[in-house]
Amino acid sequence: MILVTTESGPGRRTIRTLGIVKGNTVRACHVGDDLMAFLKNLVGGEMGEYTEVMAKAREQAMDRMTEEARALAANAIVGIRFETSHITQ
(Lines give C-alpha, C1' and ligand atoms only; values in the text may rest on other atoms or scores of the structure.)
Protein backbone atom coordinates (compact mmCIF):
# COMPACT_ATOMS: atom_id res chain seq x y z
CA MET A 1 0.00 0.00 0.00
CA ILE A 2 1.38 3.40 -0.99
CA LEU A 3 0.83 6.03 1.73
CA VAL A 4 1.61 9.68 0.94
CA THR A 5 0.75 13.08 2.35
CA THR A 6 0.83 14.65 -1.12
CA GLU A 7 -2.11 14.76 -3.53
CA SER A 8 -0.59 12.03 -5.73
CA GLY A 9 1.96 9.26 -5.45
CA PRO A 10 5.38 9.95 -6.95
CA GLY A 11 5.50 8.70 -10.53
CA ARG A 12 1.89 7.50 -10.31
CA ARG A 13 -1.45 8.61 -11.66
CA THR A 14 -4.73 8.46 -9.82
CA ILE A 15 -7.04 6.45 -12.06
CA ARG A 16 -10.02 6.15 -9.76
CA THR A 17 -11.04 7.56 -6.40
CA LEU A 18 -12.71 4.98 -4.19
CA GLY A 19 -13.70 7.23 -1.30
CA ILE A 20 -12.49 8.64 1.97
CA VAL A 21 -10.76 6.45 4.52
CA LYS A 22 -10.00 7.46 8.07
CA GLY A 23 -8.37 6.10 11.17
CA ASN A 24 -9.52 7.56 14.45
CA THR A 25 -8.24 6.82 17.91
CA VAL A 26 -8.43 8.40 21.34
CA ARG A 27 -5.69 7.70 23.85
CA ALA A 28 -5.21 8.48 27.52
CA CYS A 29 -2.10 8.54 29.65
CA HIS A 30 -1.74 6.66 32.90
CA VAL A 31 -2.20 8.97 35.90
CA GLY A 32 1.45 8.39 36.83
CA ASP A 33 2.53 9.52 33.36
CA ASP A 34 0.41 12.65 33.73
CA LEU A 35 2.09 13.41 37.05
CA MET A 36 5.57 12.96 35.56
CA ALA A 37 4.65 15.17 32.59
CA PHE A 38 3.36 17.86 34.97
CA LEU A 39 6.65 17.83 36.88
CA LYS A 40 8.68 17.98 33.65
CA ASN A 41 6.54 20.93 32.56
CA LEU A 42 7.81 22.84 35.59
CA VAL A 43 11.47 22.40 34.65
CA GLY A 44 11.17 22.10 30.87
CA GLY A 45 12.16 19.42 28.40
CA GLU A 46 10.46 16.82 26.27
CA MET A 47 7.53 14.98 27.79
CA GLY A 48 8.50 11.50 26.64
CA GLU A 49 5.35 9.92 28.05
CA TYR A 50 3.16 12.07 25.81
CA THR A 51 5.47 11.64 22.82
CA GLU A 52 5.12 7.87 23.13
CA VAL A 53 1.31 8.06 23.47
CA MET A 54 1.10 10.27 20.38
CA ALA A 55 3.33 7.95 18.33
CA LYS A 56 1.23 4.93 19.28
CA ALA A 57 -2.00 6.78 18.47
CA ARG A 58 -0.74 7.82 15.03
CA GLU A 59 0.42 4.27 14.29
CA GLN A 60 -2.97 2.87 15.27
CA ALA A 61 -4.76 5.51 13.18
CA MET A 62 -2.60 4.62 10.15
CA ASP A 63 -3.35 0.92 10.65
CA ARG A 64 -7.10 1.57 10.82
CA MET A 65 -7.00 3.82 7.77
CA THR A 66 -5.04 1.21 5.80
CA GLU A 67 -7.55 -1.49 6.79
CA GLU A 68 -10.40 0.67 5.46
CA ALA A 69 -8.51 1.27 2.22
CA ARG A 70 -7.81 -2.45 1.74
CA ALA A 71 -11.51 -3.19 2.28
CA LEU A 72 -12.17 -0.88 -0.70
CA ALA A 73 -9.47 -2.72 -2.72
CA ALA A 74 -7.35 0.44 -2.85
CA ASN A 75 -3.63 0.30 -3.62
CA ALA A 76 -2.78 3.75 -2.25
CA ILE A 77 -3.89 6.45 0.16
CA VAL A 78 -3.08 10.01 -0.88
CA GLY A 79 -3.42 13.29 0.99
CA ILE A 80 -2.93 11.81 4.47
CA ARG A 81 -3.34 14.35 7.27
CA PHE A 82 -2.93 14.05 11.03
CA GLU A 83 -4.69 16.13 13.62
CA THR A 84 -4.05 16.12 17.34
CA SER A 85 -6.42 17.49 19.95
CA HIS A 86 -6.43 17.65 23.70
CA ILE A 87 -9.60 16.65 25.54
CA THR A 88 -9.86 17.26 29.25
CA GLN A 89 -12.49 17.69 31.92
Side-chain angles (χ1 to χ4, degrees):
M1 174 87 50
I2 299 167
L3 305 171
V4 295
T5 57
T6 56
E7 297 304 317
S8 63
R12 305 270 187 158
R13 278 185 334 157
T14 300
I15 307 260
R16 184 174 57 169
T17 301
L18 301 175
I20 296 172
V21 292
K22 58 199 168 304
N24 299 313
T25 186
V26 176
R27 293 276 178 145
C29 279
H30 182 275
V31 70
D33 291 339
D34 279 339
L35 178 60
M36 291 302 295
F38 172 77
L39 295 174
K40 284 182 185 175
N41 191 39
L42 295 176
V43 296
E46 181 181 5
M47 295 182 200
E49 298 82 7
Y50 289 162
T51 301
E52 185 177 330
V53 168
M54 182 180 291
K56 286 181 181 178
R58 285 186 173 168
E59 189 66 35
Q60 185 176 43
M62 291 283 289
D63 290 345
R64 290 178 178 180
M65 184 174 51
T66 302
E67 285 175 24
E68 280 194 29
R70 283 197 175 108
L72 295 172
N75 62 358
I77 305 172
V78 299
I80 296 173
R81 301 289 183 266
F82 288 105
E83 183 173 317
T84 303
S85 298
H86 181 80
I87 302 171
T88 187
Q89 292 182 350

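- Ion pairing of E68 with R64 is absent here, as no side-chain N (NZ or NE/NH1/NH2) approaches a carboxylate O to less than 4.0 Å.
- Atom CZ of R70 is separated from atom CD1 of I77 by 8.5 Å, given to the nearest 0.5 angstrom.
- In terms of heavy atoms, A61 sits closest to G23 at CB-O, 3.0 Å.
- For the atom pair CZ of R16 and CG of L72, the computed distance is 10.0 Å after rounding to the nearest 0.5 Å.
- Both M1 and I80 are assigned to one and the same hydrophobic cluster, defined by single-linkage of ILVMFWY side chains at heavy-atom distances under 4.5 Å.
- Other residues, nucleotides and ligands place more than 12 heavy atoms under 6.0 Å from the CD atom of Q60.
- A 4.5 Å side-chain heavy-atom check between R81 and T5 finds at least one atom pair inside the cut-off.
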* Could you go step by step and tell me if T84 and R58 meet the side-chain contact (heavy atoms from CB on, under 4.5 Å) rule? -> CA-CA 9 Å; T84 303; R58 285 186 173 168; 3.5 Å; yes
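- R13 has its side chain within reach of I15: a pair of non-hydrogen atoms, C-beta onward, lies under 4.5 Å apart.
- Under a hydrophobic clustering in which Ile, Leu, Val, Met, Phe, Trp and Tyr are joined whenever their side-chain heavy atoms come within less than 4.5 Å, directly or via other members, L18 and V21 fall into the same cluster.
- Atom CD of E59 sits about 14.0 Å away from atom CE of M54, to the nearest 0.5 Å.
- M65 and I20 fall into different hydrophobic clusters, defined by Ile, Leu, Val, Met, Phe, Trp and Tyr side-chain heavy atoms under 4.5 Å apart, directly or through other members.
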